[in-house]
Each structure stands twice: as C-alpha cells, then as structure tokens.
Amino acid sequence: MAGKSPNSKNTPKGYLYIILSTNENVLNLLYACDLVIEGGCETFNFNIIYKKKHKQLQVIPWLTSDSYFKFSEPTENQKIKLTVFIGALHGRLHAKAIAYIFNKMFGNVVAVSIDTDRHKYPTGSGRVTFGLAESYTKAIIANFIQIDAKKLSKKVQIEPCIDGQKCYCCLEDDAPNFCKERNCFEYYCNTCWEKQHSAIGYTNHVPIRRKSKFED
C-alpha cells in the first residue's frame, strides 16, 4: 500500500511497501533491478515506464536479521540504565552499521536493535545499549549525530530510553520523566520530579517525557 499524504486520502507520498511470500521472490525482484555500487553502498533500481516516460524506482530490501546486532550479550542493568532511543533512521541503516558508527563516536556499544512493524520492516527508530555509563552519557548529551555517506545523509536523533525505568528517588516502577541536566541525569516519577525540581537551581530543568516524537 502506498504511503498517504496527511493532507489527502488519495495522493501517493512517493513510496510503497511490497511484501513477498518467499526469499526467492525477493531475489527475483533484485535480479530484475540495475545494481549500482557507489562508495561501497548498493542501490537497486527498477525500471518502469510511467506516462510514456522511463523512470527508476529505488528498491530497498530489508533482511530481517539486520534488525539486531550485538558485540556481546547486554546485561539486564545495561538494558535498563544504559540504553538510548534513536530516531529518524534511514531505511538503509541496519543494526550492525549503527553499532559501528555509535561505537566509533561514543565507544562501548554492546547491542543495537531496530524497531520493526508487524511485517518485520523497520519503522525508523531503534535502541542502542552501551556497556559503560560514560558512553551512554556522551550519547544523550550529543542529542543528534549526522551520518554522511554515499547515497545516504541523515541526522539521527538520540534520546533517553523511557520504557519502564525506576524512579531515582522513590524507586517506583515506570518513571515517565528523564532530566538531561548534568546535576540530575536521572529518571523521575511525576511526584518526585516536582519535589526534586522545586529547589533553587532546578526549576528551569525541562523533562524529557515518554512518547516524545523524533524529529527529522
């Protein structure tokens, strides 16, 4: 089904998803494409004739195993305390590539997982788990990284993972707020946020809350 414009129910957005029943079908589609390799990046172009004009459609295949990569098995504590959300991912960025990019920039990456829909196709967001708090902190403070390569240029957003973490003060489960200020840098429930940030020097802190949208 083609993606729909938010302003129109009938206007195609310029992309569509195709779900094929077997790996053989996927290979047959790729074999029918022109393969272009530039700077180590593969592009599959499918030629069509539309309104008597020759056009090329870019085909972006996704191997389901590319949704997860690990240098080592993350511990439960690392999953809870040292994981960041990443957003605005390009469709050609697989987990292994992200792991190496983040490892080069921040160090100590343990694992990367990419969020997928019910058809196991990437939705544009994911998570990076670090092995050390220092690397995790550097990533959160950076907030964005710019990834530039042949056929790919993308600004990727980095946010704290707010997904059932305990409140730093009362240890209540599922704290929905995170404070990025260096003299806090912790998760808080709503009650403890108000208590902590009513003191002088803390009132100007702005919480990062669950379900914050990633921006391009």
Side-chain angles (χ1 to χ4, degrees), residues 1-6 8-74 79 83-106 109-130 145-158 161 163 213-216:
M1 176 179 290
K4 300 297 184 182
S5 166
S8 171
K9 294 183 178 180
N10 301 313
T11 304
K13 198 173 183 179
Y15 64 86
L16 56 84
Y17 295 101
I18 299 177
I19 302 168
L20 301 176
S21 57
T22 67
N23 288 336
E24 183 180 0
N25 295 141
V26 176
L27 289 174
N28 288 338
L29 172 60
L30 297 181
Y31 285 143
C33 296
D34 293 332
L35 175 60
V36 179
I37 301 178
E38 291 183 303
C41 187
E42 296 182 346
T43 299
F44 295 92
N45 296 320
F46 187 77
N47 296 296
I48 64 169
I49 297 177
Y50 179 69
K51 293 183 177 180
K52 297 182 179 181
K53 294 182 179 180
H54 290 273
K55 292 183 176 292
Q56 285 190 326
L57 304 180
Q58 186 182 82
V59 178
I60 304 177
W62 184 258
L63 191 63
T64 54
S65 60
D66 284 340
S67 298
Y68 184 77
F69 176 81
K70 64 180 180 181
F71 288 110
S72 60
E73 193 66 42
K79 290 179 183 178
T83 296
V84 299
F85 270 125
I86 50 176
L89 297 178
H90 192 281
R92 298 170 71 178
L93 275 174
H94 51 74
K96 184 176 181 179
I98 294 171
Y100 276 90
I101 291 169
F102 272 68
N103 197 55
K104 182 177 180 180
M105 297 194 71
F106 306 114
V109 169
V110 175
V112 174
S113 61
I114 294 177
D115 299 330
T116 58
D117 60 20
R118 62 191 180 93
H119 302 298
K120 298 184 178 180
Y121 198 81
T123 58
S125 61
R127 308 177 191 210
V128 178
T129 299
F130 294 94
I145 63 170
Q146 180 68 36
I147 299 175
D148 292 308
K150 287 283 188 179
K151 297 289 185 179
L152 192 159
S153 180
K154 194 68 175 175
K155 187 177 183 180
V156 174
Q157 188 172 1
I158 307 170
C161 177
D163 187 21
K213 294 183 179 180
F214 292 115
E215 300 173 17
D216 290 326

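Counting begins at 1 with the first residue of the sequence.
Among residues two or more places apart in sequence or in another chain, the salt bridge (charged side-chain N to carboxylate O under 4.0 Å, His left out) test is passed with Lys55 by none. Phe106 is linked by a ring-ring contact (aromatic ring centres under 6.0 Å, His included) to Phe102, counting only residues two or more places apart in sequence or in another chain. Applying the salt bridge (charged side-chain N to carboxylate O under 4.0 Å, His left out) criterion to Lys96, with sequence neighbours excluded, gives no partner residue. By the side-chain contact (heavy atoms from CB on, under 4.5 Å) test, Phe71 pairs with Phe69, Ala99, Tyr100, Asn103, Val109, sequence neighbours left out. Legend: residues meeting side-chain contact (heavy atoms from CB on, under 4.5 Å) with Leu29, ordered by chain and number and at least two apart, are Leu20, Phe46, Val59.
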### Message
Using side-chain contact (heavy atoms from CB on, under 4.5 Å), reason through Thr129 and Val112 one step at a time and then give a plain yes or no.
### Response
CA-CA 6 Å; Thr129 299; Val112 174; over 6 Å; no

### Task
Check step by step if side-chain contact (heavy atoms from CB on, under 4.5 Å) holds for Ser125 and Asp115.
CA-CA 6 Å; Ser125 61; Asp115 299 330; 2.7 Å; yes

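Evaluation of the side-chain hydrogen bond (donor to acceptor under 3.5 Å, both in side chains) test over residues 60-73, restricted to residues two or more places apart or in two chains, returns Trp62-Ser67, Lys70-Glu73.
Here Ile19 contributes atom CD1 and Arg118 contributes atom CZ; the two are 6.5 Å apart, rounded to the nearest 0.5 Å. From Ile145, atom CD1 reaches atom CD1 of Ile86 across 7.5 Å, with rounding to the nearest 0.5 Å. With values rounded to the nearest 0.5 angstrom, Cys33 atom SG is found 11.0 Å from Asn28 atom CG. Atom CG of residue Asn25 and atom CD1 of residue Ile18 lie 11.0 Å apart, to the nearest 0.5 angstrom. Separation of atoms NZ (Lys53) and CD1 (Ile49) is listed at 13.0 Å; rounding is to 0.5 Å. Taking CG of Leu89 as the start and CD1 of Ile114 as the end, the distance is 6.0 Å to the nearest 0.5 Å.
Asn45 has its side chain out of reach of Leu57: every pair of non-hydrogen atoms, C-beta onward, lies at least 4.5 Å apart. No side-chain heavy atom of Leu35 sits less than 4.5 Å from a side-chain heavy atom of Leu30.
Atom NE2 of His54 has 12 or fewer neighbouring heavy atoms from other residues, nucleotides or ligands inside a 6.0 Å radius. Counted within 6.0 Å of CD on Glu24, heavy atoms from surrounding residues, nucleotides or ligands total 12 or fewer; the atom is thus considered open.
The pair Arg127-Asp163 counts as a salt bridge, with a side-chain nitrogen and a carboxylate oxygen less than 4.0 angstrom apart.
Side-chain atoms of His94 come within 3.5 Å of backbone atoms of Ala97 as a donor-acceptor pair (strictly under, hydrogens ignored).
No side-chain N or O of Asp117 forms a donor-acceptor pair with one of Thr123 less than 3.5 Å apart.
Heavy-atom minimum distance, His90 versus Lys154: N-CG, 4.2 Å.
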